[in-house]
Every structure is written in C-alpha cells, then in structure tokens.
Amino acid sequence: MSKKITNREDDYSQWYLDVVKEAKLADHSPVRGCMVIRPNGFALWENMKQALDQMFKDTGHENAYFPLFIPKSFLSKEAQHVEGFAKECAVVTHSRLQSVDGGVEVDPESRLEEELIVRPTSETIIWDAYRGWIQSYRDLPILINQWANVVRWEMRTRLFLRTMEFLWQEGHTAHATKEEAVEETLRMLDVYKTFAEEYMAMPVLSGVKTESERFAGAVDTYCIEALMQDGKALQAGTSHFLGQNFAKAFDVKFQDDDGEHKYVWATSWGVSTRLVGGLIMTHSDDHGLVIPPKLAPVQVVIVPIYKNDDQRQEVLDYADPIYRELKDAGIAVKLDNRDNYKPGWKFAEHEARGTPLRIAVGPRDVKNNNLELARRDTLLKEIVTRDNIAGRIGDLLETIQSDLLQTAKNRRDVRTRNVDSYDDFLEEIEKGGFIYAHWDGTAETEQKIKEETKATIRLIPLEDSESGTCMVTGKPSEKRVLFARSY
RNA sequence: CGGGGAGUGGCGCAGUCCGGUAGCGCAUUCGCUUUGGGAGCGAAGGGUCGCAGGUUCAAAUCCUGUCUCCCCGACCA
C-alpha cells in the first residue's frame with residue numbers, strides 16, 4: 001500500500017512532492033516556479049482564508065484591493081525597501097505584442113514610458129494612496145487588509161513553500177502613535193499564532209527577527225516559526241512594525257489633536273500559501289496528506305461496501321440517512337458511492353487526500369446497526385454503533401484536532417533544547433530541530449554561525465530568559481535566542 | 001545564477017552507448033466475473049520520444065541551442 005509515496009526517511013523532498021501530487025493539491029505549471037493550485041489545494045487554502053478573514057474582521061480590519069502593477073519610481077522611495085526587493089522583481093516594459101510569421105513578438109513601438117513592477121508586496125502603492133486619505137488624527141487608524149497574489153523572482157522554488165507567484169494576505173495599517181502601531185503589530189502576530197495552533201494544529205514559537213532577517217523597510221519584524229518533521233524551521237507568518245519609514249518616504253502626515261503635523265506610524269503583516277506547505281510538513285505521513293478537521297475540505301467520507309446490486313442498494317439505503325444526519329449537523333461529509341472503484345482503492349485515495357475520518361459501511365454493519373470508523377491521523381479503526389452518529393463524529397473530529405496539535409507539539413518539544421557551548425552546537429545542529437543558545441547580539445557572530453553551520457537565528461523570544469555568555473565569543477548575552485536550519 | 005541528474009501515450013519506465021517499422025507496466029474505454037485495504041480475464045483506443053535548429057538516404061538515438069523538473073550550493077516568505 002501507499003506505493004506511490006516515497007517514505008519520509010528515504011527522501012524527504014521527494015516525499016513532500018509525492019504528497020502534493022497524490023493529494024492533488026497542485027501541479028507544476030509551464031512557467032518555472034509557478035504552480036497550478038488544484039481544487040483540493042484551493043479548497044484547503046479557502047478554508048484557511050475564511051478563518052483568517054474572520055479573525056481580521058473581528059479585530060477591526062476591512063478588506064480592500066490595490067493594483068497589481070506598481071510604478072517603478074515608487075519602489076525607489078524607501079531605500080531599505082528597494083534594496084530588499086530589487087533583485088526579485090518582475091518588470092513590465094511593453095504593452096503590446098504583434099503577429100510575426102506564425103507567432104508573436106513584443107512590439108518595440110509599445111515600450112512604456114514608466115516601467116511597471118509586478119508587486120512583490122504592496123507597501124509603496126498603498127502608502128501612496130494613504131497620503132490622500134489621511135489629513136487628521138480623526139482619519140486614523142486605518143486598518144486594511146488585502147487578499148492578493150504577489151510575484152518574487154525566486155531562484156529556487158518548491159510547491160507552496162516558495163513559488164514565484166503566491167497568494168497571500170497583506171495587512172497595512174496606519175496609526176497616530178508609535179504605541180498603537182506596536183500594539184497592532186503584536187496583536188496580529190498573536191492572531192497568526194492563534195490561527196496556526198487552533199486551526200492548523202501547528203504549534204509555533206513567536207518572537208522578533210534579528211536585523212539581518214528583518215523585512216526591508218521595517219523597524220522590527222516579528223514572526224511565528226514552526227518546526228517541520230525533518231527538523232527544519234519554517235517561517236509561517238510575519239508582522240512588521242514599520243515605524244515612520246513609509247510615512248516619510250510617501251510624505252503621509254496628519255494633524256494631531258495638539259495641532260501639530262506628524263508622520264503616521266505603520267504596520268504590515270502577512271501569511272501566504274506557504275502555510276499549506278507548513279500544514280503538509282507538520283502532520284502528513286507516509287500514506288499521504290493529513291489535514292486537521294477544522295481546515296479539511298471533506299471532514300468525513302463514507303465508503304459503502306457491497307458484493308452485488310442488492311447489497312449495494314441495501315448498504316446505500318443504510319448509508320444515506322447517516323450522510324444526511326452528518327450534513328445536517330454541519331459536518332463536511334462526502335458519500336463516495338462511485339461504483340468503479342473498490343473499497344480498498346477508495347481507502348487509499350482518501351488517505352492520500354488527508355480526509356480526517358472515514359466511515360465504512362457494509363452488509364455486516366447494516367445487520368448489526370454498526371459502522372466502522374477509521375481515523376486518518378492514527379490509522380486506527382473501530383466498530384461503533386450507528387446511534388447518535390452525528391454527536392459521536394463531531395466529538396471525534398474535535399479529538400483529532402486536539403490530538404494533532406498535541407502530537408505536533410510533542411514532536412517539536414522533543415527536538416527543542418538548550419545548548420551552551422559552540423562545540424555542542426556544531427554537533428547538535430546536525431540533528432535538526434530548535435536550539436536555544438546565547439548570542440552576543442552582533443551581526444558578525446550571526447553571520448559566522450550561518451556560514452559555519454547553515455543555521456540562522458529564527459527569532460529572539462519576546463519573554464525574558466536567563467542571561468549568559470555568547471557560545472561563540474563569550475561576550476555577555478541577555479537571553480537565549482532560537483537557532484535552526486530553515487526553509 | 002553555478003555544479004550534478006532527468007524529460008519517451010494520463011502516470012512510472014525500457015529503448016539512446018552502436019541511427020533502420022516506438023515498446024512494457026499501471027491507468028482509460030467496452031464486456032463478463034468481482035467488491036470488509038489499491039480485483040481478475042478478454043478486447044479496444046491513445047505517443048511527430050520537452051521544444052527549436054543541424055548532420056544523415058534515414059534521428060527517441062549523433063551535434064548545437066533552449067525550456068522545464070529534481071538534488072546540492074549562493075539568495076529569499
């Protein structure tokens with residue numbers, strides 16, 4: 001069984017690709033680094049999107065949409081920002097094609113006066129708009145989110161984890177005070193953490209990035225980091241305190257209640273389709289995808305088992321009310337009554353697709369008023385009575401959801417440890433996982449560690465820990481920081 | 001962008017060294033038998049061998065270029 005999926009320990013990269021393929025989440029596109037998100041993958045993203053969107057609205061945000069194209073001149077207004085993105089921008093230079101024997105070519109006459117950049121992120125075009133929207137402190141705060149696609153011309157891509165075009169949301173807020181903006185930055189970081197843990201069942205650590213890992217143009221970049229099954233870290237979301245950098249670059253001022261003209265304070269925050277990659281690598285196994293119930297496009301599949309047409313009818317008559325009962329209870333249930341596949345085939349397929357719970361019903365169950373429940377996460381099967389099935393399934397889905405989080409947490413905690421000497425660090429980092437160690441706070445030391453071990457500082461925790469001395473230089477260190485090799 | 005590997009029906013592969021009628025398994029369609037963990041038999045359909053040039057009487061096979069994917073590095077969410 002599961003012949004089509006490479007085992008994780010044999011080849012983790014191939015396993016990941018096999019899972020994406022067998023779960024029909026996405027295909028490679030004819031364009032390098034881009035992907036076709038298939039209905040299965042998109043339904044998963046839509047569920048994530050829906051939950052996040054509600055959380056954004058519950059914290060006072062509104063959705064809006066800004067253009068795909070950004071005038072080239074906008075990107076040069078914030079020096080740090082342009083430095084961060086210049087090397088990975090798609091540039092539109094012409095507006096027309098013309099026919100030429102059997103094909104088309106760019107019409108050289110159509111060169112644009114000002115070239116357009118396909119957004120790698122939207123700070124610049126949004127802050128250009130905000131300038132016109134903000135005059136008084138009464139216009140603040142502005143709390144806007146956008147669901148969009150962005151393009152970053154990446155060298156090396158992987159489905160969902162890093163694609164040249166990806167889908168995401170980007171929040172962009174404007175505030176009258178620094179305190180308020182910092183508060184917003186941390187609020188949204190917390191929203192991400194809550195979403196990752198409660199919906200994705202993916203435990204995350206949160207903290208602040210070092211200067212070298214910071215978003216170009218930000219004063220501080222906060223992040224959530226998850227640990228994948230292969231021991232590598234994945235940055236799953238970021239929230240930036242932008243200070244007044246963009247307000248100054250785009251001249252966005254407001255008149256405060258004291259009559260003074262002041263620059264606006266800003267934040268931005270985002271998560272992307274990369275989360276799908278994180279979800280896959282957090283829960284899935286050698287049989288395929290595992291999706292937590294809260295995000296599963298199909299939560300329960302019912303597979304009928306029969307030997308002939310009479311039995312088929314009998315079993316379907318038994319299964320149908322179960323289907324309706326679950327549906328009425330608000331459970332995303334699917335009755336797989338396809339006659340051209342055998343039950344075993346269906347079992348394997350739904351496992352590859354990550355459906356959290358499978359119900360099998362056959363003549364034996366009809367006779368005994370039973371059904372067989374099989375959990376995708378544990379692969380355990382049990383025979384239960386058909387009575388109160390909706391209540392039982394609802395409870396079980398909740399159990400699966402919390403078990404997945406607990407399992408992922410345990411897996412992470414086992415691979416998270418403190419290390420005090422650089423010799424130990426060199427040895428430990430080879431084993432993967434998270435390592436808390438002391439660091440002297442300098443970019444030089446950080447760079448040295450990165451060059452020698454390929455590990456980076458994933459985050460500086462927000463809460464205090466014991467002080468100590470840097471494992472490399474022996475200089476004083478205020479607290480431990482989190483190291484890992486990462487995606 | 002540098003190094004390595006690969007691209008042949010929908011999927012996985014053989015054939016390439018040594019040029020000579022494009023094959024196998026799975027999948028698909030039809031029929032019969034089957035159905036509690038990826039069913040069996042029979043028949044049928046489907047490929048200008050990634051793409052573009054070149055060499056040759058003849059190219060999947062040799063040469064040049066190019067695109068895409070995988071692995072390793074540098075860069076990044």
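Given the structure is predicted, the values throughout are model-derived calculations rather than measurements. Side chains included, hydrogens not; waters and symmetry mates left out as well; all remaining heavy atoms used. Chain letters run A, B, ... following the sequence lines, proteins first and then strands; every chain starts at 1.
Across all strands shown, B/C49 has no partner, as no Watson-Crick or G-U wobble contact with both distances under 3.5 Å is found. B/U29: Watson-Crick or G-U partner is B/A43, with both key distances under 3.5 Å. Within the shown strands, nothing qualifies as a pairing partner of B/A58 under the Watson-Crick or G-U definition with both distances less than 3.5 Å.
Rounded to whole angstrom, the span from the CZ atom of A/R358 across to the P atom of B/G36 amounts to 12 Å. Atom P of nucleotide B/C70 and atom CZ of A/R158 are separated by 8 Å, given to the nearest angstrom. Rounded to whole Å, the distance from NZ on A/K454 to P on B/C76 is 17 Å. Rounded to an integer number of Å, the gap from CE of A/M155 to P of B/C1 is 6 Å. A/R32 has its CZ atom 17 Å from the C1' atom of B/G50, to the nearest Å. One atom, CD of A/E452, and another, C1' of B/G73, lie 17 Å apart when rounded to the nearest Å. A/K87 places its NZ atom 8 Å from the P atom of B/C75, with the value rounded to the nearest Å. In this structure, the OH atom of A/Y306 is 13 Å from the C1' atom of B/A39, given to the nearest Å.
A side-chain N or O of A/T173 and one of A/T267 form a donor-acceptor pair less than 3.5 Å apart. Donor-acceptor pairing under 3.5 Å is lacking for the side chains of A/D190 and A/Y222.
Taking the ring centroids of A/W269 and A/H61, they lie under the 6.0 Å cut-off.
Heavy atoms of other residues, nucleotides or ligands lying less than 6.0 angstrom from CD of A/E211 number 12 at most.
In summary, of the residues considered (A/E165, A/M164, A/K87), a side-chain contact (heavy atoms from CB on, under 4.5 Å) with A/W153 occurs for A/M164 alone.
Using a 4.0 Å heavy-atom cutoff across all strands shown, A/S29 reaches no nucleic acid atom at all.
With a 6.0 Å cutoff to the six-membered ring centre and a 45° limit on the axis angle, A/R158 counts as a cation-pi contact of A/Y16.
One C1' atom belongs to B/C11, the other to B/U28, and the distance between them is 12 Å to the nearest Å. Taking atom C1' in both B/A60 and B/G19, the straight-line distance is 10 Å, to the nearest Å. Comparing the C1' positions of B/G9 and B/C17 gives an interatomic distance of 26 Å, to the nearest angstrom. With C1' as the reference atom, B/C26 and B/G46 are 14 Å apart, rounded to whole Å.
One can find a donor-acceptor pair under 3.5 Å joining the base of B/G37 and the side-chain atoms of A/E351. Looking at A/K381, its side chain comes within 3.5 Å of the base of B/G37 through a donor and an acceptor atom.
Between A/H28 and A/M164, the residue anchored nearer the 5' end of RNA chain B, judged by the nucleotide with its closest heavy atom, is A/H28. Comparing A/A216 and A/D365 by the nucleotide of RNA chain B that holds the closest heavy atom to each, the one mapping nearer the 5' end is A/D365.
Using a 4.0 Å cut-off, some side-chain N or O of A/S13 falls inside it from OP1 or OP2 of B/C71. A sub-4.0 Å separation between OP1 or OP2 of B/U35 and a side-chain N or O of A/K307 is present.
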